[in-house]
Structure formats: structure tokens, C-alpha cells
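A short write-up of the structure that comes next.
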Amino acid sequence: MTDGEEGKRIVDTILEQKTRHHLSNKEIAILYRTNAQSRVFEEYLRRYNIAYRIFGGQSFYQRKEVKDLVAYLRAVV
């Protein structure tokens, strides 16, 4: 399974569980082994408009180097 497939599968499972068991976002957690995995999950959660919060780390999109790159790309465009 690729990272993208895993992210999609997790989000599909979340949506299914929320519908079937009427769960709120506060009742769901995603545990992952390394911070590198957070990016894929964040991408899919954003794509499907599922609100999320990261504990014990920093969001991929809030990291300084990512913000700097995005700002540079905006300036270039």
C-alpha cells in the first residue's frame, strides 16, 4: 500500500465510522509512527474537509520551511 492509498483508506474509514456510528471528530484519533506520515493524512483530511488537530507535533503546513517555500512560490507566480 502506498502512502496515498493509506491516507485515502484512513479517511474513508473515518467517514464511514462517522456516518454509521454518529461519531464526532473528537472521538476519532489517528496514530502514526513518524512525523513524515502526518503530511499524507493532513492532505486527505483537508481534501475531505475533516477538521483535525495535531498533538505532540507540528502540522506539516505550519512548519517554517514549508511556509517559506509556499511564500516563495507565491512570489514567483
Side-chain angles (χ1 to χ4, degrees):
M1 179 178 293
T2 67
D3 291 346
E5 291 170 339
E6 183 179 21
K8 173 96 170 78
R9 182 173 164 214
I10 294 296
V11 169
D12 287 343
T13 302
I14 288 171
L15 292 172
E16 178 186 335
Q17 294 298 315
K18 285 179 69 169
T19 302
R20 181 179 292 167
H21 301 289
H22 306 291
L23 299 175
S24 69
N25 290 344
K26 292 179 181 181
E27 298 174 290
I28 299 170
I30 300 173
L31 305 176
Y32 49 87
R33 295 178 304 280
T34 64
N35 287 339
Q37 292 176 295
S38 71
R39 182 186 59 80
V40 175
F41 295 130
E42 286 184 72
E43 283 180 11
Y44 278 94
L45 291 168
R46 285 176 179 234
R47 188 176 297 170
Y48 288 89
N49 294 319
I50 299 173
Y52 65 92
R53 188 169 27 165
I54 295 179
F55 292 96
Q58 192 173 38
S59 169
F60 177 78
Y61 296 100
Q62 295 302 315
R63 295 178 186 155
K64 183 183 181 324
E65 59 272 18
V66 174
K67 283 183 168 183
D68 290 346
L69 178 63
V70 170
Y72 176 75
L73 292 173
R74 283 185 181 151
V76 169
V77 171

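We find the CZ-CG distance between Arg39 and Asp3 to be 7.0 Å, quoted to the nearest 0.5 Å. Residue Asp12 holds its CG atom at 5.5 Å from OH of Tyr48, rounded to the nearest 0.5 Å. With rounding to the nearest 0.5 Å, the separation of OH in Tyr52 from CD1 in Ile28 is 15.0 Å. The CD atom of Glu27 sits 10.0 Å away from the NZ atom of Lys18 when rounded to the nearest 0.5 Å. Note: Ile54 CD1 to Tyr32 OH = 4.5 Å, rounded to the nearest 0.5 Å.
Side-chain contact between Val40 and Ile10 is absent, with no heavy-atom pair separated by less than 4.5 Å. When side chains are defined from C-beta on, Ile14 counts as touching Leu45, because their heavy atoms get closer than 4.5 Å. Side-chain contact between Val11 and Lys8 is absent, with no heavy atoms from C-beta onward closer than 4.5 Å. Taking 4.5 Å as the limit, some side-chain heavy atom of Thr2 sits within range of a side-chain heavy atom of Glu5.
For Glu6 against Met1, the heavy-atom pair with the smallest separation is CA-SD, 3.5 Å.
By the neighbour-count criterion of 12 heavy atoms within 6.0 Å, atom CZ of Arg9 is sparsely surrounded, having that number or fewer from other residues, nucleotides or ligands.
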Is there a side-chain contact (heavy atoms from CB on, under 4.5 Å) between Leu15 and Ile50? Walk through the geometry before answering.
CA-CA 9 Å; Leu15 292 172; Ile50 299 173; 3.7 Å; yes

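For residues 65-77, the set of pairs meeting the salt bridge (Lys or Arg N to Asp or Glu O under 4.0 Å) definition, not counting sequence neighbours, comprises Lys64-Asp68.
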